K.L.:
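Mind looking over this structure? Questions follow.
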Amino acid sequence: MNRNERIFLTGDRPTGRLHIGHYVGSLRRRIELQNEGEYKKMYVFIADAQALTDNIDNPEKVRQNVVEVALDYLSCGLDPGKVTIFIQSQIPELTELSFYFMDLVSVSRLQRNPTVKTEIQMRGFAGESIPVGFFTYPISQAADIALFKSTTVPVGEDQEPMLEQCREIVRRFNHIYGDTLVEPNIMLPDNKACMRLPGTDGKAKMSKSLGNCIYLSDTEKELKKKVNSMFTDPQHLTIDSPGHLEGNTVFTYLDAFSVDDDFANFLPEYKNLDELKEHYCRGGLGDGTCKKLLFNILNDRLKPIRERRLELEKDIPAVYEILRKGCEDARNTAAETMDQVRKAMKINYFDDAELIAEQAKRFASQK
Ligand code: TRP
């Protein structure tokens, strides 16, 4: 496919502020794609309806976090002049398409979706007590993607099963009703370190509930405190003892964030990260030095984001206005696709002059 024909779409659940895991995993890439400009259209949306599927006991949390996520997007550099930013729940066509998609998926297929499977286990839904909306969210997510004829979905590897399910649904729809929708491709992050950033405690994933996140909106003071208390190498008891990189969160973050220039700027004794790693492993390099470097690098990246956010926070109505315009734009496309979908499914009764004429004739001939 011609790169300029690509239609990007991706989104986030508004369950909290975005953190640097989101940043290296997806936000940074989105901004790059936006600025490269090799696409037909780019959508980034706030998946509030999906967030409700497993936060039904706390709708206010979802509601409050819509604007937080929007602020994070804008402060990271998503440009509403280039990208359509919208809120999922404001696009009723999504619900409509989901309803038709539900006819194309079996219960057993949903049960086999690995993401749904692990989430069911994690949340401990006993037997069949799982809410239907939660169980079927892969179908709704397929609609998110297909409604905008997305060709390219930049997400983490955890979303792979969702994309596969979407492709199946689209294929099935096109097979039954004729070529209408587009089978999307996943676009995985390219740098290994960007795949999944562990929490500051070294735990598998940054997650709000574990309290191990560095937020994009953290102050400089909060950032310093979090970096200083980061998990490193429990065997590195004295500066002189050899250090280990495996599972060493400070080095994982340095892998994800540092470039050679950072060393010239913040720690000129070393040319690059390889040299620093070499010294650390040999022994004689303290965690404090590495943490100080990491703080300087993170702060260098987060400072402009933090400052832009403070500016944006001064005019919240303007942020909602950006979202309103984005929703309007998204709905225009949504309406076009749904016209095509209804036509393909032959449920566009009032526009189907042939159907009306043919039936009129048939009924007349019965007289
Ligand atoms: N499931 C995604 C997440 O949890 C959010 C999401 C919803 C999404 N719909 C989407 C991502 C469509 C990409 C495309 O992060």
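Everything quoted here is computed from the prediction, not taken from an experiment. Just follow the structure's listing: the first ligand is 1, and inside any ligand the first atom is 1.
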K.L.:
Would you call the rings of Phe86 and Tyr43 parallel, tilted or perpendicular, taking 30° and 60° as the class edges?
P.N.:
perpendicular
K.L.:
Mind checking what makes side-chain hydrogen bond (donor to acceptor under 3.5 Å, both in side chains) contact with Glu307, not counting sequence neighbours?
P.N.:
none
K.L.:
If you count only heavy atoms, which residues are under 4.0 Å from ligand 1?
P.N.:
Leu9, Thr10, Gly11, Arg13, Phe45, Ala47, Gln50, Gln141, Asp144, Ile145, Val153, Val155, Gln159
K.L.:
Verify whether one side chain among Asp54 and Tyr137 offers a donor that lies under 3.5 Å from an acceptor in the other.
P.N.:
no
K.L.:
Start with the C-alpha gap between His19 and Ile214, add the side-chain angles, then the distance that decides, and say whether side chain to side chain contact (heavy atoms under 4.5 Å, CB included) holds.
P.N.:
CA-CA 5 Å; His19 50 63; Ile214 293 177; 5.7 Å; no
K.L.:
Output side-chain donor-acceptor pairs under 3.5 Å for residues 335-351, partner residues at least two apart or in another chain, one line each.
P.N.:
from	atom 1	to	atom 2	distance (Å)
Thr337	OG1	Leu147	O	2.8
Thr337	OG1	Thr333	O	3.2
Asp339	OD1	Arg342	NH1	3.1
Gln340	OE1	Lys149	NZ	2.4
Arg342	NE	Glu96	OE2	2.8
Arg342	NH2	Glu96	OE1	3.3
Arg342	NH2	Glu96	OE2	3.3

K.L.:
Residues in side-chain hydrogen bond (donor to acceptor under 3.5 Å, both in side chains) with Lys61, at least two apart?
P.N.:
Asn55
